[in-house]
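Please read all numbers here as calculations on a predicted model, not as lab measurements.
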Amino acid sequence: MTAQIFWNSGIQFFNSCSVYYVVQLVRCVLLSFVVLAFAFTLRKTVLKNRVFLKGALWSLFIPVMFIGKMKFFYENRIGVKFFSWLTEMCMSHTWICWLYLCGVFLYAALLFYRRRKLKKMVAGMEKRKVDGTVIYVTKTPVTPSTVGIFKPKIIMPEIILKRYDCKEFQTILLHEKTHIRLGHLWFYLLWDILRALLWLNPFLAISTKYFREDMEEICDWVTIKWSKGNAYAYGQLLLKSMRVLQAENKDFNMYATFTGDKEYQSVRQRVTRIAAYKPYKGIAA
């Protein structure tokens, strides 16, 4: 076999692979529009006040990732009629497939860069052990958060350590630990993978805000239950955090999560949802 024949065979092989996977992914993209519309309709209507079921709606995107290989697209008369154009187009214009795959890699690289940048920033923070828990302390007045997958790290602004009593701090710490226990950090990673593979659907990126809101609401409810407190005290703690971080933001002229009209609206909605808290069975979470 000459080098030229080997090279041509290789090019043909990679073109075939690109067509095969892109056809499946684009089918998934088309279905994702329908699933997203369905999920948002339920989220805003019958499941509006059903915290755990509303959060579970996002799991509908798991089968979306495998729908492209269904026999429906190959053997069913309707499937062939409505989707054969996609296969024909990709086979005739392989550059479209490579363009789509480049979009996947670029989007994935952007998301990876952001995670990497955050990881480096956390690595430079002061490491403390408070009440038996290792936390990373930042002087920037931002809301507490948790990052990482295999070794989650809890980030806590220094102002919270200074102005909060032991019980308040333990509640905030419990909230971050709850994100870890419920697997939310893995959910966020899977969502990023979904967004990268199906980047042709811009509404997935827009929906990230609502996805995180629903996970946050679940975390609030579970934290209230596990802390053996009540919704009123938990809501007061959230409002205290807003006041403290806003004050620090003005003093140091830095970015704080709760500043601005949109953030105020978000906090207002979150407090309203906390006020609607009702006791639930542990299995729901």
Inset, instruction - Not counting sequence neighbours, which residues clear salt bridge (charged side-chain N to carboxylate O under 4.0 Å, His left out) with Lys240? List them please. - result: Glu168
Legend entry - Test side chain to side chain contact (heavy atoms under 4.5 Å, CB included) applied to Leu42 - qualifying residues, sequence neighbours left out: Phe38, Val46, Leu47, Leu57
Legend entry - Heavy-atom side-chain contact between Ser32 and Val35 under 4.5 Å: no
Inset, instruction - Determine whether more than 12 heavy atoms belonging to other residues, nucleotides or ligands lie under 6.0 Å from atom CD of Gln236. - result: yes
Inset, instruction - Report the C-alpha separation of Lys177 and Leu173 in whole Å, then their side-chain angles, then the decisive distance to 0.1 Å, and conclude whether the side chain to side chain contact (heavy atoms under 4.5 Å, CB included) test is met. - result: CA-CA 6 Å; Lys177 288 181 177 180; Leu173 196 60; 4.0 Å; yes
Legend entry - Val23 and Val19, any side-chain heavy atoms less than 4.5 Å apart: yes
Legend entry - Check: Ser241 side chain, Leu237 main-chain N or O, donor-acceptor pair, under 3.5 Å: yes
Inset, instruction - Using the ring pair (Phe, Tyr, Trp, His ring centres under 6.0 Å) rule, collect all pairs that involve residues 115-141, keeping only residues at least two apart or in two chains. - result: none
Legend entry - Arg270 and Asp220 ion-paired at < 4.0 Å: yes
Inset, instruction - Using atom types as modelled and distance alone, determine if a side-chain donor or acceptor of Thr171 lies under 3.5 Å from a backbone N or O of Lys167. - result: yes
Inset, instruction - Check for a donor-acceptor pair, side chain of Lys54 on one end and backbone N or O of Asn49 on the other, with a separation under 3.5 Å. - result: no
Inset, instruction - Can you tell me which residue pairs pass the salt bridge (Lys or Arg N to Asp or Glu O under 4.0 Å) test with a partner in residues 180-209, sequence neighbours excluded? - result: Arg115-Asp192, Asp192-Arg195, Lys209-Glu213
Inset, instruction - List the steps, then state whether side chain to side chain donor-acceptor pair (under 3.5 Å) holds for His184 with Glu216. - result: CA-CA 9 Å; His184 289 175; Glu216 202 67 41; over 6 Å; no
Inset, instruction - Applying salt bridge (charged side-chain N to carboxylate O under 4.0 Å, His left out), name anything that partners Glu176, two or more places apart in sequence or on another chain. - result: none
Inset, instruction - Provide the full list of ring pair (Phe, Tyr, Trp, His ring centres under 6.0 Å) pairs with a residue in residues 198-228, sequence neighbours left out, each pair given once. - result: Phe40-Tyr210, Trp58-Phe211, Tyr100-Trp199, Tyr188-Phe211, Trp191-Phe211, Trp221-Tyr277
Legend entry - Residue among Thr223, Val222, Thr146, Ile154 satisfying side chain to side chain contact (heavy atoms under 4.5 Å, CB included) with His175: Thr223
Inset, instruction - Check the surroundings of atom OH in Tyr107: do more than 12 heavy atoms from other residues, nucleotides or ligands lie under 6.0 Å from it? - result: yes
Inset, instruction - Verify, without hydrogens or angle tests, whether Ser92 (side chain) and Met89 (backbone) share a donor-acceptor contact under 3.5 angstrom. - result: no
Legend entry - Crowding at CZ, Phe105 (>12 non-hydrogen neighbours, <6.0 Å): no
Legend entry - Val137 and Met125, any side-chain heavy atoms less than 4.5 Å apart: no
Legend entry - Audit row: Glu158, Arg128, salt bridge (Lys or Arg N to Asp or Glu O under 4.0 Å) steps and yes/no: CA-CA 11 Å; Glu158 189 174 36; Arg128 295 187 197 175; 3.2 Å; yes
